[in-house]
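So the structure is just underneath, and the comments pick up after that.
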Amino acid sequence: MYRNSIWIATIAIIFSVTVGSAQQTPDTVLHNGKVLTVDANFATAQAVAVRGDRIVAVGTDDEVLSLAGPNTLRIDLKGRTVTPGLIHTHVHLQSIGGYGRELGAAKSRQIPLRVRGMKTPDEVLQQIRDVIQAFKFEPGEWLYFSPNWTGSQADLIFNQLNAKELDKASPNNPIVVRVGISSNNIQMMNSMALSEMWRKYGFFIERYGRYWADDAGKPTGILEAPASQIVWEDQEFALFSKPEDAGPYFRKILVENYSTLGITTLSGALNTANVQAYQWLDARNEMPLRYAYGAMAGFQPGVDMKQFQLGSGTDNVFISSVTARATDGGGVRRCIDLTRDNEAVATGVQVSSQNSGDMNAVATEWWPRGQCNLDIEYSGSTRGARISGNRFLEWYREVAMEGLRSANSHAAGEASIYMMLNAWERIEEAQPGAVKGWAFDHCTMVPPDSIPRAAALGLMFSCDMTNAISSDLERGARSTLGAFGADILHTYGAPIGSMLKAGINVSSEGDWEDIETMITRLDLKGEVWGPDQRIDRQSALKVATQNGANYVLKGDQLGSIEPGKFADLLVLDRDYMSMPVDEISEMRPLMTMKGGQFIFLRTDFSDEYNLEPAGAEIGTLEELRARRPRF
């Protein structure tokens with residue numbers, strides 16, 4: 001099966017002998033293994049050879065070992081399984097999270113607030129006041145506060161706190177306070193910050209919104225998208241760390257939270273400041289995996305989108321889309337036309353009444369349909385000032401006209417899926433082929449009748465299986481089960497089987513736990529959801545590898561173990577194809593290789609082969625988890 005590829009690789013080596021030799025033999029040969037290539041036939045081989053950052057041969061032990069030279073590192077796998085590196089196609093990796101504590105607030109640009117249990121504005125304001133005094137921030141310096149709100153504090157956040165209240169704590173600094181996940185979709189500002197926003201972007205905000213207003217039509221401090229997104233891209237406001245400050249901590253996150261699980265490529269939306277941090281790492285050869293990013297700058301007012309060429313960048317940090325970041329909110333703020341089943345919250349199972357009751361009240365009072373950003377009638381909760389244009393719908397047309405791609409964008413509610421399809425079908429009718437490869441992320445609520453429409457347009461889905469079929473009623477109205485009941489969760493929650501049958505490219509927003517869930521459809525509580533949507537092991541691994549490569553527009557270079565592709569490989573501690581399916585979530589790599597370089601080695605594997613390559617992290621997942629902060 002692999003004789004042609006071996007022959008081609010061998011011819012290349014023979015041809016190059018005249019210019020130089022021994023360097024053309026493989027650097028590394030993994031042999032005596034079970035190599036799951038995830039190629040078009042899902043073939044299994046015994047050995048794989050790597051030279052530089054590429055795979056040069058795949059085949060039998062005899063064929064591949066015949067290419068080795070005196071300096072080739074030979075690793076006898078002793079029957080272990082090799083797979084392509086996993087590709088995770090939706091991360092929110094813009095924050096250095098808990099690692100920021102080591103940097104301090106002044107450099108991390110993220111100021112945590114401990115507000116759990118607080119019930120009055122004065123308690124929150126006093127903490128903000130104390131922080132500003134303690135760090136002696138300069139007047140006029142922008143500050144970003146990240147409180148740990150709970151659902152029970154909804155009334156405090158949205159009814160009692162506002163710009164004027166925040167002014168009491170911060171009269172001399174423009175401040176932004178996170179009030180939701182994600183912060184790009186909703187946030188609160190004080191009067192100084194609002195004034196600066198209107199000075200630079202008033203024309204945009206007043207046309208496209210969305211901001212909450214009082215009876216006189218004046219902003220109260222809450223901004224929703226697209227207004228809420230502007231602040232994160234404007235370099236004048238400088239709400240993010242400098243590359244040299246954030247870079248080393250991003251690297252820790254990438255290695256300790258992703259490479260150790262076998263993820264070799266990530267994809268997600270990034271603003272310019274964070275792109276620069278990853279580029280800083282890349283320039284120093286310290287980027288431990290690949291980051292295919294959606295350029296958030298492409299959604300900003302007045303930007304020239306010609307600068308965002310798909311695939312541009314390096315092999316490690318490159319553009320996979322321009323992105324609007326989110327078409328609706330999450331949890332209670334997902335955009336829906338379905339009726340919330342409050343009875344499910346009240347009588348389903350034991351529900352945390354403190355969280356579910358208040359958040360459900362928020363959903364019905366302020367967001368009856370959710371944050372429906374694609375709806376021209378939606379101006380921002382029930383308190384939003386009217387808008388005259390829809391930035392999202394106009395922007396999709398601009399993306400198509402420039403030959404770019406919309407992806408890396410959160411779409412949580414079923415109404416968002418329908419509205420995106422309606423908009424993209426109109427674009428396709430006017431400009432055939434323009435939306436092929438565009439993508440929806442999350443698969444939280446995918447209506448069955450949207451699947452053939454998406455397939456006809458050649459669209460993609462990126463799915464977070466674990467969250468999509470969660471029966472976590474502790475989240476009350478924020479969960480699909482809690483808000484809509486079991487029937488909706490069964491039929492709308494990540495229907496991957498139907499999407500794959502329709503020919504849709506589906507990728508994964510997770511690791512081995514997500515792969516196991518695709519196969520079993522079991523949630524973390526042992527409940528089965530959508531059993532008819534189960535897929536087999538081969539398909540699940542393909543979703544997490546080759547389909548992910550297609551999502552990031554690198555299907556010809558990543559995602560399978562074939563000659564000519566990047567050597568992004570895993571050696572696993574178990575046999576994926578024969579192990580008990582309900583243990584796949586416990587699978588761990590003994591070795592993670594990215595572009596021919598050892599990125600992570602588990603201690604026992606390193607000791608067995610006496611491997612201590614420069615730059616590789618050597619340890620166990622448990623050791624790394626023990627030393628990292630929660631983020």
Side-chain angles (χ1 to χ4, degrees), residues 33-38 42 77 80-91 93 253-267 288-290 442-443 462-470 494 496 500 506-526 528-529 533-549 551 558-561 568-594 599-602 604-605 617 619-625 628:
K34 184 177 182 179
V35 181
L36 305 181
T37 64
V38 198
F42 207 90
L77 296 173
R80 295 183 175 110
T81 297
V82 179
T83 69
L86 304 185
I87 299 178
H88 184 315
T89 54
H90 189 103
V91 290
L93 199 47
I253 294 172
L254 295 175
V255 171
E256 296 178 9
N257 297 284
Y258 296 99
S259 297
T260 54
L261 290 172
I263 294 169
T264 54
T265 298
L266 293 175
S267 187
L289 45 68
R290 307 183 196 280
H442 291 335
C443 303
S462 168
C463 296
D464 181 346
M465 279 298 308
T466 306
N467 282 328
I469 65 167
S470 171
I496 289 180
L500 291 175
V506 182
S507 58
S508 169
E509 298 176 7
D511 49 50
W512 299 103
E513 181 180 332
D514 224 48
I515 292 172
E516 178 183 310
T517 308
M518 292 180 217
I519 302 166
T520 65
R521 303 291 299 193
L522 282 165
D523 71 6
L524 296 179
K525 293 188 174 183
V528 176
W529 300 100
Q533 298 298 324
R534 289 180 175 127
I535 60 177
D536 60 29
R537 296 183 195 227
Q538 293 93 328
S539 299
L541 187 58
K542 183 179 179 182
V543 164
T545 55
Q546 184 60 63
N547 286 12
Y551 182 97
L558 300 169
S560 64
I561 301 177
D568 294 4
L569 307 171
L570 309 178
V571 176
L572 301 175
D573 62 357
R574 309 190 198 188
D575 182 354
Y576 172 75
M577 294 303 297
S578 65
M579 68 183 293
V581 69
D582 59 355
E583 295 179 9
I584 289 175
S585 59
E586 301 170 19
M587 182 93 72
R588 296 293 180 262
L590 298 168
M591 180 200 81
T592 300
M593 174 182 283
K594 191 264 297 183
I599 302 300
F600 168 73
L601 296 170
R602 205 167 76 179
D604 52 349
F605 190 78
E617 187 78 29
T620 67
L621 182 62
E622 292 71 27
E623 289 170 349
L624 296 173
R625 281 180 171 168
R628 75 188 183 197

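- When side chains are defined from C-beta on, Asp568 counts as touching Arg290, because their heavy atoms get closer than 4.5 Å.
- Counting all heavy atoms, side chain and backbone alike, Pro589 lies closest to Gly262 at CG-N, 3.6 Å.
- Checked against side-chain contact (heavy atoms from CB on, under 4.5 Å), Thr520 has the following partners two or more places apart in sequence or in another chain: Glu516, Leu522, Val581.
- When the salt bridge (charged side-chain N to carboxylate O under 4.0 Å, His left out) test is applied to Arg80, the partners found at least two apart in sequence or on another chain are Glu608.
- Taking CZ of Phe600 as the reference point, atom OG1 of Thr620 lies at 7.0 Å (rounded to 0.5 Å).
- In this structure, the side chain of Trp529 does not engage the main chain of Ser470 through any donor-acceptor pair within 3.5 Å.
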Side-chain atoms of residues 536-543: list all donor-acceptor pairs with protein atoms under 3.5 Å, sequence neighbours left out, distances to 0.1 Å.
residue, atom, partner, partner atom, Å
Asp536, OD1, Gln538, N, 3.3
Asp536, OD1, Ser539, N, 2.7
Asp536, OD1, Ser539, OG, 2.8
Arg537, NH1, Tyr576, O, 2.7
Arg537, NH1, Met579, O, 2.8
Arg537, NH2, Met579, O, 2.8

Kindly determine whether Leu524 and Glu513 satisfy side-chain contact (heavy atoms from CB on, under 4.5 Å), including the steps that lead there.
CA-CA 10 Å; Leu524 296 179; Glu513 181 180 332; 3.3 Å; yes

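- Under the side chain to side chain donor-acceptor pair (under 3.5 Å) criterion, Ser560 pairs with Gln546, Glu562, Lys565, sequence neighbours left out.
- Thr517 contributes atom OG1, which lies 11.5 Å from atom CZ of Arg534 (distance to the nearest 0.5 angstrom).
- Residues Asp573 and Arg602 share a closest heavy-atom pair of OD2-NH1, 3.2 Å.
- With sequence neighbours excluded, the residues that form a side-chain contact (heavy atoms from CB on, under 4.5 Å) with Val255 are Arg251, Pro288, Glu617.
- Looking at residues two or more places apart in sequence or on another chain, you find no salt bridge (charged side-chain N to carboxylate O under 4.0 Å, His left out) involving Asp511.
- Taking Glu586 as the reference, Arg574 meet the salt bridge (charged side-chain N to carboxylate O under 4.0 Å, His left out) condition, with sequence neighbours excluded.
- Between Ile469 and Arg521 there is a side-chain heavy-atom pair separated by less than 4.5 Å.
- Ile253 and Tyr258 make their closest contact through O-CD1, 3.6 Å (heavy atoms, listed as atom of the first residue, atom of the second, distance).
- Note that CD of Glu623 and OG1 of Thr260 are 11.5 Å apart. Values are rounded to the nearest 0.5 Å.
- Atom CD1 of Ile515 sits about 7.5 Å away from atom CE of Met587, to the nearest 0.5 Å.
- Atom CG of Leu266 is separated from atom NE2 of His90 by 11.5 Å, given to the nearest 0.5 angstrom.
- Residues Cys443 and Ser462 approach most closely at SG-O, 3.6 Å, considering heavy atoms.
- If you check the side chains of Asp514 and Thr466, you find a donor sitting under 3.5 Å from an acceptor.
- Looking at heavy atoms from C-beta onward, Val571 lies in side-chain contact with Phe605 at the 4.5 angstrom threshold.
- Residues satisfying the side chain to side chain donor-acceptor pair (under 3.5 Å) test with Thr264, not counting sequence neighbours, are none.
- In terms of the side chain to side chain donor-acceptor pair (under 3.5 Å) criterion, Arg588 has no residue partners (sequence neighbours excluded).
- When the side chain to side chain donor-acceptor pair (under 3.5 Å) test is applied to Ser267, the partners found at least two apart in sequence or on another chain are Asn408.
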Before you tell me yes or no, could you show the steps for Met518 and Ser508 under side-chain contact (heavy atoms from CB on, under 4.5 Å), namely the whole-Å CA-CA distance, both residues' side-chain angles and the distance that decides it to 0.1 Å?
CA-CA 9 Å; Met518 292 180 217; Ser508 169; 3.7 Å; yes

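- Residues Leu86 and Leu261 are not in side-chain contact: their nearest non-hydrogen atoms beyond the backbone lie 4.5 Å or more apart.
- Residues satisfying the ring pair (Phe, Tyr, Trp, His ring centres under 6.0 Å) criterion with His88, sequence neighbours excluded, are absent altogether.
- Smallest separation of non-hydrogen atoms from Ile496 and Gln533: N-OE1, 3.7 Å.
- Across all their heavy atoms, Ser259 and Thr592 have their closest contact at O-OG1, 2.8 Å.
- Looking at residues two or more places apart in sequence or on another chain, you find a side-chain contact (heavy atoms from CB on, under 4.5 Å) between Thr81 and Lys34, Leu36, Thr83, Leu572, Asp575.
- Using a distance-only test at 3.5 Å, with no hydrogens or angles considered, a donor-acceptor pair links the side chain of Asn547 to the main chain of Val506.
- To the nearest 0.5 Å, atoms CD1 (Ile87) and CD1 (Ile263) are separated by 10.5 Å.
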